[in-house]
Asker: 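Pasting a structure here, questions to come.
All heavy atoms count here, side chains included; hydrogens, waters and symmetry mates do not. As the structure is a prediction and not an experimental result, all values here were calculated from the model.
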Amino acid sequence: MTTQERRARERADRHGRIIATARELAEEQGWDAVTTRRLADRIEYSQPVLYGHFPGGKDEIVAAVALEGFDELARTLTTAVGGRSGRDGVAALTDAYLDFAASRPAVYTAMFDLAALPFAADETPAVLRAGFEAVRAALGGDDELAEVGWATLHGLATLRRAGRVPAATETHRRERVVDLLDPARAR
């Protein structure tokens, strides 16, 4: 391995550590606790090193966390649905989506509330498109139903995060979402 290759690998490792540490800190203490100073202290590098990776500072780090989250969401949904169709596919999609949002609240917040990522535009990142495609495929390939489905799932996840949906009704609400989004019924 050449010196240049080793340096590139070390830079990529540092970049990944910064993102992972930001996620970890945000999940532990919330996004307000994520500062470049704290991140630099946690990864044991100076702030200039951190800014060398993310010149835009915290906003750029949050966007990197969000993109990583969208990639994970797309893979999670695709795996969960796993070729299922109809009601079974919708149920798998619903469970996977809502479980993802609940298990990664800070990442989910970065994805939808903090990062300024373009949706439904020419410059939409591929990982966002992959997430939409996973929803679309589970909902029978219908673009409009996929938009409504994603909005429904996001709305329920957001209400749940805000504590506005009683935990006791979670199972029933998931069943209602599946009823609403079942491609056989939605046509």
Side-chain angles (χ1 to χ4, degrees), residues 1-81 93 96-138 146-147 150-151 153-163:
M1 174 183 296
T2 68
T3 302
Q4 188 175 13
E5 290 170 333
R6 180 182 51 78
R7 285 186 181 150
R9 187 187 73 223
E10 288 171 353
R11 181 170 174 73
D13 288 345
R14 265 193 318 273
H15 190 86
R17 277 187 67 201
I18 294 166
I19 294 169
T21 302
R23 283 180 70 151
E24 189 177 286
L25 187 56
E27 292 295 355
E28 290 170 5
Q29 300 176 32
W31 280 106
D32 288 341
V34 179
T35 65
T36 55
R37 180 179 302 261
R38 272 200 177 143
L39 286 174
D41 288 346
R42 276 214 180 179
I43 63 170
E44 299 177 341
Y45 284 100
S46 67
Q47 283 183 288
V49 169
L50 193 136
Y51 280 106
H53 286 273
F54 296 96
K58 181 178 175 177
D59 289 343
E60 193 173 336
I61 294 166
V62 170
V65 169
L67 288 171
E68 195 174 85
F70 277 110
D71 184 47
E72 290 173 19
L73 178 61
R75 287 185 283 116
T76 297
L77 297 178
T78 300
T79 299
V81 173
L93 173 78
Y97 189 99
L98 295 175
D99 292 346
F100 178 93
S103 67
R104 298 164 185 84
V107 171
Y108 196 82
T109 296
M111 292 165 63
F112 289 101
D113 300 339
L114 301 178
L117 300 173
F119 287 83
D122 289 341
E123 64 274 11
T124 299
V127 293
L128 273 72
R129 291 180 189 279
F132 181 78
E133 183 53 38
V135 173
R136 188 179 158 288
E147 290 170 354
W150 192 313
L153 293 168
H154 176 65
L156 188 54
T158 300
L159 290 171
R160 182 181 184 196
R161 283 185 315 153

Asker: Is there a donor-acceptor pair under 3.5 Å between the side chain of Arg104 and the backbone N or O of Gly69?
Answerer: no
Asker: With rounding to the nearest 0.5 Å, note down the distance linking CG in Leu73 to OH in Tyr97.
Answerer: 6.0 Å
Asker: Angle class for the Phe112/His154 ring planes (parallel below 30°, perpendicular above 60°, tilted otherwise)?
Answerer: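 Judged by the thresholds at 30° and 60°, the geometry between Phe112 and His154 is tilted.
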Asker: Using every non-hydrogen atom in the two residues, find where Ala115 and Ala63 come nearest and quote the distance to one decimal.
Answerer: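 So the minimum-distance heavy-atom pair works out to CB-CA, 3.9 Å.
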Asker: Between Arg75 and Asp71, does any NZ, NE, NH1 or NH2 come within less than 4.0 Å of an OD or OE carboxylate oxygen?
Answerer: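 A salt bridge is present here (some side-chain N lies under 4.0 Å from a carboxylate O).
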Asker: Please give me the minimum heavy-atom distance between Leu128 and Pro118, naming the atom from each residue.
Answerer: CD2-O, 3.7 Å
Asker: May I ask you to test the Arg11-His53 pair for a side-chain heavy-atom distance under 4.5 Å?
Answerer: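 In contact.
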Asker: OG1 of Thr158 to CZ of Arg160: how many Å apart, nearest 0.5 Å?
Answerer: 11.5 Å
Asker: Sort out for me which residue in Val62, Val34, Asp59 forms a side-chain contact (heavy atoms from CB on, under 4.5 Å) with Leu114.
Answerer: Val62
Asker: Quick one: closest heavy-atom pair of Ala146 and Val135, and the distance?
Answerer: O-CG1, 3.7 Å
Asker: Could you state the interatomic distance from NZ (Lys58) to OG1 (Thr36), rounded to the nearest 0.5 Å?
Answerer: 9.5 Å
Asker: Heavy-atom count check: over 12 atoms from other residues, nucleotides or ligands less than 6.0 Å from Asp32 CG?
Answerer: no
Asker: Closer than 3.5 angstrom, by distance alone: can the side chain of Thr21 be matched with the main-chain N or O of Ile18 as a donor-acceptor pair?
Answerer: no
Asker: Could you tell me whether the side chain of Arg23 and the main chain of Val65 form a donor-acceptor pair under 3.5 Å?
Answerer: no
Asker: May I ask you to check whether over 12 heavy atoms, not counting those of Arg37, lie within 6.0 Å of atom CZ?
Answerer: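 Not buried by this count: 12 neighbours or fewer within 6.0 Å.
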Asker: Under a 4.0 Å N-O cut-off, is there an ion pair linking Arg38 with Glu28?
Answerer: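 No salt bridge links Arg38 with Glu28.
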Asker: Counting distance only, does the side-chain N/O of Arg129 pair as donor-acceptor with the main-chain N or O of Thr124 below 3.5 Å?
Answerer: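 Confirmed, Arg129 side chain pairs with Thr124 backbone.
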Asker: Is Ile19 close to Phe54 at the side-chain level, that is, under 4.5 Å between some pair of heavy atoms?
Answerer: yes
Asker: Under 6.0 Å between the ring centres of Tyr45 and Tyr51?
Answerer: no
Asker: Roughly how far apart are Glu44 CD and Arg14 CZ, rounded to 0.5 Å?
Answerer: 13.5 Å
Asker: Using 0.5 Å steps for rounding, measure from the OG1 atom of Thr79 to the CD atom of Glu72.
Answerer: 11.5 Å
Asker: Are Asp113 and Tyr108 close enough, and set up right, to give a side chain to side chain contact (heavy atoms under 4.5 Å, CB included), and what steps lead you there?
Answerer: CA-CA 8 Å; Asp113 300 339; Tyr108 196 82; over 6 Å; no
Asker: For a quick test of reading the model, state the closest non-hydrogen atom pair linking Ala80 to Ala96 and the distance between them.
Answerer: CB-CB, 3.4 Å
Asker: What I'd like to find out is whether the side chain of Leu93 reaches to under 4.5 Å of the side chain of Leu153, using heavy atoms alone.
Answerer: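 A side-chain contact under 4.5 Å exists here.
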Asker: Test salt bridge (Lys or Arg N to Asp or Glu O under 4.0 Å) on Arg136 and Glu133 and set out the steps.
Answerer: CA-CA 5 Å; Arg136 188 179 158 288; Glu133 183 53 38; 3.1 Å; yes
Asker: What heavy-atom pair brings Ala138 and Val81 nearest, and what distance separates the two atoms?
Answerer: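 Where Ala138 meets Val81 most closely, the heavy atoms are CB-CG2, 3.8 Å.
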Asker: After noting the C-alpha distance and the side-chain angles of Ile43 and Val49, does the key distance pass the side chain to side chain contact (heavy atoms under 4.5 Å, CB included) rule?
Answerer: CA-CA 10 Å; Ile43 63 170; Val49 169; 5.9 Å; no
Asker: Do Arg9 and Glu5 meet the salt-bridge criterion of a basic N to acidic O distance under 4.0 Å?
Answerer: no
Asker: So Trp150 and Phe70, would you call those rings parallel, tilted or perpendicular, with 30° and 60° as cut-offs?
Answerer: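 Because their plane-to-plane angle lies in the 30° to 60° range, the rings of Trp150 and Phe70 count as tilted.
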Asker: Which atoms form the tightest heavy-atom contact between Leu77 and Gly131, and what is the distance?
Answerer: CD1-O, 4.3 Å
